[in-house]
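Have a look at the structure below before the remarks.
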Amino acid sequence: MHVRTHHCAQLNDTHAGQRVSLAGWVNSYRDHGGVIFIDLRDREGITQIVFHPENAEAHGLADSLRDEDVVSISGTCVARQEGMANPKLATGDIEVDADAVEILNKSLTPPFTPALANGVGEEIRLKYRFIDLRRSRMQEILRTRHQVTKIMRDYFDELGFYEIETPLLCKSTPEGARDFLVPSRINAGDFYALPQSPQLYKQVLMASGVEKYVQIAKCFRDEDPRADRQAEFTQLDLEMSFVSAQEVMDVTEGVMHRIWKGVLDVDLPKFPVMKYHEAMNRFGSDKPDLRYGLELVDVSEIVRQADFRVFTAAMEAGGIVKAICVPGGAKLTRRQTDDLAEWVKQFGVGGLPTTKVEGGKLSTGVAKFLEPVSEALLSQLQASDGDLLCFGVSEKPHVVHRALGELRVRLARELELIDQTQWRCLWVVDFPLFEHDEGSGRWSAMHHMFTSPKPEHIDILESDPGSVIGEHYDLVVNGQELCSGSIRIHNHELQQRIFSLLGYDEQVASERFGFLLEALKYGAPPHGGIAPGLDRIVMQLTGTENIRDVIAFPKTQTGADLMTQAPSPVGDDQLKELQLRPALTVKPD
RNA sequence: GGGGGUGUAGCUCAAUUGGUUAGAGCACCGGACUGUCGAUCCGGAGGUUGCGGGUUCGAGUCCCGUCACCCUCGCCA
């Protein structure tokens with residue numbers, strides 16, 4: 001193998017005349033009978049190699065090269081003659097006239113080639129991930145991800161944070177998401193759980209006097225994946241002692257600013273702050289996308305006058321009516337609005353009343369029912385000709401918010417109302433600490449049960465849990481939740497009260513979280529933290545909509561790794577050692 | 001667990017109402033060609049239409065089941 005002197009993106013006309021050696025993969029070959037061209041690709045780019053028949057040995061070897069063969073070559077860097085340069089290639093002004101080539105490894109004919117992988121199905125890409133990752137797009141994502149973690153580590157080092165690893169084999173705490181379990185051989189019948197997050201360890205680290213902790217931490221949640229969710233994912237996990245929420249937010253904002261600057265050379269503006277209730281009321285979401293309007297407008301009082309039974313019935317039952325005005329939405333066909341109505345039902349509303357604005361008044365749909373109040377409606381919604389009005393109606397206000405919030409996102413996408421050039425970041429704060437589960441009639445923690453209530457709300461914890469606000473903050477970027485954090489409870493009595501409220505008596509709480517309660521008793525400082533999602537940050541930076549694209553070796557929706565074929569059955573001897581026996585009949589191959 | 005979508009050559013796709021031997025581009029193999037750069041030209045090979053069953057004279061196409069992948073509801077403290 002020749003000693004590599006340059007990368008394939010490195011050479012230009014200043015290198016003309018130099019002897020160089022390159023190594024990489026055959027991106028494409030063009031055999032002209034006499035002269036043979038090879039596009040040689042490495043991590044950094046592509047350089048054209050030319051083989052002349054005069055170098056019989058090298059030319060003979062080059063003749064046999066095919067896509068994805070691995071070669072090293074030596075030759076002379078030459079400037080291309082006038083008219084022979086390739087403006088599509090960064091190194092298109094030069095080529096390497098090769099006099100020696102060594103085939104380091106032949107490749108089987110690949111199922112697809114990195115050069116022409118656009119449009120190749122994801123299933124085949126995941127099966128041959130080692131080929132897929134050779135694509136420049138995937139290399140760019142891997143590089144971005146590295147840049148991000150490097151910036152994070154540098155930044156937190158400068159601020160005096162310690163990077164500390166926490167265990168992957170943890171105690172199972174059945175609250176929250178479903179745990180991945182790992183059987184213990186030494187304690188047969190007992191199990192570890194993989195961490196859903198290092199939450200409790202980092203709080204213990206605060207009790208341990210670390211003061212500033214950070215970790216790029218793998219987290220595991222055994223729940224069904226989504227486009228932006230994977231059972232195994234990565235968080236930038238951090239925690240600080242003696243801080244206010246504002247200080248954690250400032251530190252987080254700082255790292256986000258530096259990441260966007262370092263990777264994209266973008267100066268993010270200062271992040272505005274919005275209260276949870278405002279986000280829900282105006283956008284129907286706790287992660288509002290501020291790049292477009294389509295705000296939810298409460299029209300309950302206006303439509304009350306119209307005596308449209310669908311609306312009045314809901315309001316009499318304690319509900320509300322909200323509307324969004326969709327600019328240009330009148331071009332949607334009846335079929336399309338019917339589809340929207342059907343789709344929106346999954347969020348709990350009975351349908352989607354709509355009407356269009358034409359000639360300065362309402363037309364079609366529910367127009368005739370709203371005739372008496374049309375003027376007030378148009379004015380309140382600032383609607384004009386060509387707009388579509390969509391109404392969310394339910395006896396439960398949160399159902400209206402959810403349904404219209406989801407509709408808002410879908411319409412913005414489909415009608416292309418999103419300004420793709422913007423970065424709209426904001427903090428959402430003042431979340432309720434608890435939410436009421438209608439099924440069980442119990443209260444549960446909206447974030448997690450270690451989030452501190454606002455000090456002024458501690459008195460009403462038991463008397464009015466629904467009104468308690470937590471010291472919780474989420475960072476939202478372009479409609480995606482990127483970080484979630486809070487000030488924690490550091491007083492064991494308060495923590496015990498929260499456990500009780502959530503239905504864990506002292507003994508159960510002690511069994512599950514005894515170590516945390518103990519730590520709180522022995523001088524735990526006030527502390528708080530946050531956990532930015534690394535995968536989602538990289539998704540935003542690289543403009544990907546699929547979390548699998550930013551993970552080197554991701555899993556499918558059924559948790560399978562198509563490359564390694566995990567998960568897979570294990571041998572009887574392994575099970576025996578763990579004293580495990582599958583209860584289900586193993587499916588035949 | 002529920003809803004929706006996809007599955008045809010190595011890859012991306014086509015195939016009229018159920019009707020002859022399931023086609024095309026790229027890749028592959030052979031040949032030609034000394035300046036291409038997604039090379040070109042000539043020729044060739046390549047198919048369990050995801051799998052199993054059913055209806056039919058006849059199924060890629062219709063029906064039932066099943067598997068895989070994608071989106072989504074539930075779920076995700």
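Source: prediction; values computed, not measured. Convention: sequence-line order gives letters A, B, ...; per-chain numbering from 1. The figures that follow rest on heavy atoms only: side chains count, while hydrogens, waters and symmetry mates do not.
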Is there a Watson-Crick or G-U wobble partner for B/rG74 with both distances under 3.5 Å, and if so, which one is it?
none

Looking at A/Phe283 versus A/His401, is the centre-to-centre ring distance below 6.0 Å?
no

What's the gap between B/rU49 and B/rG7 when it is taken at their P atoms, as a whole Å value?
15 Å

A/Phe347 CZ to B/rU72 C1': how many Å, rounded?
8 Å

Between the side chain of A/His457 and the main-chain N/O of A/Ile469, is any donor-acceptor distance below 3.5 Å?
yes

Can A/His32 be said to stack with the base of B/rA39, given centres closer than 5.5 angstrom and planes under 30 degrees apart?
yes

Near-strand residues of residues 545-561 of chain A, defined as heavy-atom separation under 4.0 angstrom from RNA chain B
A/Asn546, A/Arg548, A/Thr556, A/Gln557, A/Thr558, A/Ala560

Looking only at atom C1', what distance separates B/rU20 and B/rG60, rounded to whole Å?
16 Å

Proximity to the side chain of A/Thr109 - top-ranked nucleotide from B/rU36, B/rC28, B/rU34
B/rC28

Could a donor-acceptor pair under 3.5 angstrom be found where the side chain of A/Arg229 meets the base of B/rC76?
yes

Residue-phosphate contact under 4.0 Å: A/Tyr29 side-chain N/O, B/rG38 OP1/OP2:
no

Proximity of A/Phe51 and A/His59 rings by center, below 6.0 Å:
no

What heavy-atom pair brings A/Ile487 and A/Tyr473 nearest, and what distance separates the two atoms?
N-OH, 3.7 Å

B/rG47 and B/rA14, which share atom name C1', separated by this distance in whole Å
15 Å

When rounded to the nearest 0.5 angstrom, what is the spacing between SG in A/Cys77 and CD in A/Gln10?
10.5 Å

Would you indicate what A/Asp39 reaches in the nucleic acid, counting non-hydrogen atoms under 4.0 angstrom: base, sugar-phosphate, or nothing?
sugar-phosphate

Pairing partner of B/rA39 (Watson-Crick or G-U wobble, both distances under 3.5 Å):
none

How would you label the contact of A/Glu68 with the nucleic acid (heavy atoms, under 4.0 Å): base, sugar-phosphate, or nothing?
nothing

Taking any heavy-atom pair under 4.0 Å as a contact, classify A/Ala231: base, sugar-phosphate, or nothing.
nothing

Classify the nucleic acid contact of A/Phe112 as base, sugar-phosphate or nothing, counting any heavy atom under 4.0 Å across all strands shown.
nothing

Scan residues 76-84 of chain A against RNA chain B and write down, sorted by residue number, each residue with any heavy atom closer than 4.0 Å; if none is found, say none.
A/Arg80, A/Met84

Using both distances under 3.5 Å as the test, list the Watson-Crick or G-U wobble partner of B/rC57, or none.
B/rG19

On RNA chain B, check which nucleotide each of A/Lys88 and A/Asp228 is closest to and give me the residue with the more 5' one.
A/Lys88

Which base sits across from B/rG44 as a Watson-Crick or G-U pair, both distances under 3.5 Å?
B/rC28

Under 3.5 Å, is there an N or O donor on one side and an acceptor on the other linking the side chain of A/Arg226 and the base of B/rG74?
yes

Whole-Å P distance, B/rG3 and B/rG50:
22 Å

Per the side-chain hydrogen bond (donor to acceptor under 3.5 Å, both in side chains) rule, which among A/Gln203, A/Gln215, A/Gln199, A/Arg488 passes with A/Glu239?
A/Arg488

Integer angstrom distance from the P of B/rA22 to that of B/rA59:
13 Å

Please work out if A/Thr173 contacts a base, only the sugar-phosphate, or nothing of the nucleic acid, heavy-atom cut-off 4.0 Å.
nothing

If you take atom types as modelled and just measure distance, does the side chain of A/Gln346 reach the base of B/rU72 with a donor-acceptor pair under 3.5 Å?
no

Could you check whether A/Arg402 gets within reach of a base, just the sugar-phosphate, or nothing at all, counting any heavy atom under 4.0 Å?
sugar-phosphate

Under 4.0 angstrom, heavy atoms only, what part of the nucleic acid is A/Leu562 near: base, sugar-phosphate, or nothing?
sugar-phosphate

Searching all strands shown, indicate the nucleotide that pairs with B/rA68 (Watson-Crick or G-U wobble; both distances under 3.5 Å).
B/rU6

Keeping A/Asp179 on the side-chain end and A/Ala193 on the backbone end, is there a donor-acceptor pair under 3.5 Å?
no

Within the structure provided, determine whether A/Arg30 and A/Ser28 are in side-chain contact (heavy-atom separation under 4.5 Å).
yes

Residues of residues 118-141 of chain A with any non-hydrogen atom less than 4.0 angstrom from an atom of RNA chain B: list those, numerically ordered, please.
A/Gly119, A/Val120, A/Gly121, A/Glu122, A/Glu123, A/Ile124

Taking atom P in both B/rA24 and B/rU17, what distance in whole Å separates the two?
22 Å

Answer yes if the ring centres of A/Tyr213 and A/Tyr201 are under 6.0 angstrom apart, and no otherwise.
no

Suppose you measure atom P in B/rC70 against the same atom in B/rG23; what distance do you get, rounded to whole Å?
33 Å

